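Working notes for the structure below.
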Amino acid sequence: MIRDQETLSSLLDTVGRFVRERLVPREQEVAENDRIPDEIVQEMKELGLFGLSIPEEHGGLGLTMEEEALVAFELGHTSPAFRSIMGTNNGIGSQGIIMDGTDEQKERYLPRMATGEIIGSFALTEPDVGSDAGSVKTSAVRDGDEYIINGTKRYITNAPYASVFTLMARTNPDEKGAAGVSAFLVDANTPGISLGKPDKKMGQSGSHTCDVIFEDARVPASALIGGKEGQGFKTAMKVLDRGRLHISAVCVGVAERLIDEALRFATERKQFGKHLSEHQLIQAMLADSKAEAFAGRSMVMEAARKKDNGERVSTEASCCKLFCAEMVGRVADRAVQIHGGAGYISEYPVERFYRDVRLFRLYEGTSQIQQIVIARNMAKELQE
Ligand SMILES: Cc1cc2nc3c(=O)[nH]c(=O)nc-3n(C[C@H](O)[C@H](O)[C@H](O)COP(=O)(O)OP(=O)(O)OC[C@H]3O[C@@H](n4cnc5c(N)ncnc54)[C@H](O)[C@@H]3O)c2cc1C
């Protein structure tokens, strides 16, 4: 749903220019230094990019899913690391509070997340618990007006900068499945919390993950999201539905950028007396990439509109995540191929993007988990 075309067009124009003029020229520097410059983060804050999906009454832009997807397409045109720093505030780090938080929790965190003053992270994965997210082992034991938290969370995006974690922990040890899991808002400066070393990753330099370790960390009972135990898994799944559409839109944007890079290279370089772009086997790779990126864009738009209409989009969100994450992998592979040997050399952006996009098939639910969600929903719908 687009609320006001003029306002949206102006936002998209501003974000598009910011991406092309401020972010793209600094991609290589970010990759080499493994750090996003402070002035760039400051500019992102001033543009409101940390609060895209946070409701207006809490200081954000309150974009609808369709509007957010259109912005995410633009953000995809540069290194995913830039999006990652603001990604958790717009997605997994804030959506639990927006969807299921109490008024007090919303007031306490959302306005500062919207401005980028604080960063929110989402802590679900553990050393022994990944795709099987309902079997979380981190424990939260009630003790008077507090919970005592013990456990380790793994690969937590933006944890080194986070002020607050949306934490999934088991409040009911007798219930081994998802129904025993609750969601908490835990301030990062709580005594008993420590961070592991930043992980050395395959790509997306400039974005950081690490372990978050809880050792007898005490949080007030008011930190329970929505004030109810046993709702954590449901909260996490709702958060991921929205996040999956956002990530899918980013994949489409990255695919479009890679197609631009490949097309430019193919129209500049000549072999056998003519430009690469005039060779039909190269044209086939360009055309397949274009068609697949267009399919991804269309899917995301359709699913986003459905979500804005209040319809359930669990299946569609997983279809988008599955298709778009795999699609951008194929597009990146072809972009490297079209560049020939240059595609393997790091001074060309396609080499970096090839590594960066690999993550999209792994986090916020692997491709196999999307397949499982889709097939499970299909079987459920048959019975309804
Ligand atoms: C850079 C990065 C950032 C991340 N950020 C966050 C974050 O901010 N917060 C957070 O909580 N987590 C985060 N994660 C964790 C991420 O979501 C998990 O890595 C992911 O969900 C997969 O879990 P796993 O690594 O334990 O793999 P596993 O679950 O062990 O899966 C291994 C393989 O088995 C497959 N598999 C698993 N179960 C099945 C099945 N039933 N049927 C078929 N195949 C199956 C998987 O698809 C995969 O191919 C991040 C990870 C990375 C790498």
Side-chain angles (χ1 to χ4, degrees), residues 31 34 79-96 113 119-138 149 151-170 177-178 181-186 188 195-214 225 232-233 235-244 246-247 250-251 317-318 321-322 325-326 329 352 355-377 379:
D34 194 16
S79 292
F82 286 119
R83 188 212 61 92
S84 182
I85 184 76
M86 57 167 109
T88 51
N89 275 26
N90 284 306
I92 53 179
S94 69
Q95 289 299 316
M113 280 192 185
I119 298 281
S121 278
F122 181 76
L124 170 62
T125 306
E126 300 178 357
D128 295 330
V129 178
S131 300
D132 184 10
S135 60
V136 156
K137 288 183 179 163
T138 294
I149 299 178
T152 297
K153 294 293 176 177
R154 182 138 291 174
Y155 311 140
I156 306 306
T157 301
N158 288 336
Y161 327 107
S163 296
V164 57
F165 297 104
T166 297
L167 172 80
M168 298 296 152
R170 185 165 302 281
V181 178
S182 302
F184 292 88
L185 289 166
V186 181
L195 300 180
K197 279 197 210 139
D199 298 312
K200 290 186 180 168
K201 308 193 295 348
M202 175 191 285
Q204 301 207 9
S205 287
S207 100
H208 300 111
T209 62
C210 69
D211 279 5
V212 184
I213 301 134
F214 298 83
I225 292 189
F233 192 73
T235 299
M237 291 307 112
K238 279 191 276 180
V239 166
L240 289 174
D241 266 0
R242 187 173 180 119
R244 283 167 185 168
H246 179 100
I247 293 286
V250 173
C251 291
S318 284
K321 169 76 166 51
L322 172 63
E326 296 284 334
R352 175 165 31 81
R355 289 181 286 106
D356 288 349
V357 302
R358 191 62 185 81
L359 180 58
F360 293 132
R361 291 155 66 187
L362 300 170
Y363 70 178
E364 300 207 17
T366 63
S367 290
Q368 289 70 38
I369 292 307
Q370 308 309 329
Q371 289 172 316
I372 289 168
V373 171
I374 296 164
R376 201 189 284 148
N377 287 349

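Indexing begins at 1, ligand by ligand and atom by atom, following the structure's order. These figures come from a predicted structure and were not determined experimentally. Positions are given from 1, in the same order as the sequence printed here.
- If you take CG on Leu185 and CG on Leu167, they are separated by 9.5 Å, rounding to the nearest 0.5 Å.
- The option with the heavy atom closest to atom 21 (O) of ligand 1, from among Leu240, Leu167, Leu362, is Leu362.
- Annotation for ligand 1: atoms under 4.0 Å from non-hydrogen atoms of Glu364 are 17 (O).
- Ranking the protein heavy atoms by distance from atom 24 (P) of ligand 1 puts Gly130 CA, 3.9 Å first.
- With Ala162, Ala159, Ser131 as candidates, the residue nearest to atom 38 (N) of ligand 1 on a non-hydrogen basis is Ser131.
- No N or O atom of Tyr363 sits closer than 3.5 Å to an N or O atom of ligand 1.
- Salt bridge annotation for Glu364-Lys321: absent, with no cationic side-chain nitrogen under 4.0 angstrom from a carboxylate oxygen.
- For atom 30 (O) of ligand 1, the nearest protein heavy atom is 4.0 Å or more away.
- A donor-acceptor contact closer than 3.5 angstrom is absent between the side chains of Gln204 and Ser79.
- Within the 4.0 angstrom cut-off, atom 33 (C) of ligand 1 has no protein heavy-atom neighbours.
- The closest approach between any non-hydrogen atom of Ile92 and ligand 1 is below 4.0 Å.
- The nearest protein heavy atom to atom 40 (C) of ligand 1 is closer than 4.0 Å.
- With values rounded to the nearest 0.5 angstrom, Asp356 atom CG is found 7.5 Å from Ser205 atom OG.
- In terms of N/O distances under 3.5 Å, ligand 1 is approached by Gln368.
- In terms of modelled atom types and a separation under 3.5 Å, the side chain of Asn158 and the main chain of Ser121 share no donor-acceptor contact.
- Rounding to the nearest 0.5 angstrom, the gap separating the OG1 atom in Thr88 from the OH atom in Tyr161 is 10.5 Å.
- Contact check for Phe233 versus Val136: no side-chain heavy atoms found under the 4.5 Å cut-off.
- Nearest protein neighbour of atom 2 (C) of ligand 1, counting heavy atoms only, is Leu359 CD1, 3.7 Å.
- The backbone N or O of Gly365 sits less than 3.5 Å from a side-chain atom of Gln370, completing a donor-acceptor pair.
- Looking at His208 and Asp199, their side chains never bring a donor and an acceptor atom within 3.5 Å of each other.
- At a 3.5 angstrom cut-off on N or O pairs, Gly365 does not count as close to ligand 1.
- Residue Asn377 holds its CG atom at 12.0 Å from CD1 of Ile372, rounded to the nearest 0.5 Å.
- Atom 19 (O) of ligand 1 has its closest protein heavy atom at Tyr155 CD1, 3.9 Å.
- At under 3.5 Å, a nitrogen or oxygen of Thr125, whether backbone or side chain, sits near a nitrogen or oxygen of ligand 1.
- Glu326 contributes no side-chain N or O that, together with a main-chain N or O of Arg361, makes up a donor-acceptor pair within less than 3.5 Å.
- Heavy-atom proximity to Thr209, at under 4.0 Å, picks out these atoms of ligand 1: 1 (C), 2 (C), 3 (C).
- What sits closest to atom 8 (O) of ligand 1 on the protein, heavy atoms only, is Thr157 N, 3.0 Å.
- Of the protein's heavy atoms, Phe122 O, 2.7 Å lies nearest to atom 9 (N) of ligand 1.
- Remark: minimum distance from atom 46 (C) of ligand 1 to any protein heavy atom is reached at Thr366 OG1, 3.7 Å.
- Distance check on atom 50 (C) of ligand 1: some protein heavy atom falls below the 4.0 Å cut-off.
- Taking CD1 of Ile92 as the reference point, atom CD1 of Ile156 lies at 8.0 Å (rounded to 0.5 Å).
- Checked for salt-bridge contact, Lys153 and Asp211 miss the test: no charged N lies under 4.0 Å from a carboxylate O.
- The shortest contact between atom 42 (N) of ligand 1 and any protein heavy atom is with Ile372 CD1, 3.5 Å.
- By the 4.0 Å heavy-atom criterion, Gln371 is excluded from the residues contacting ligand 1.
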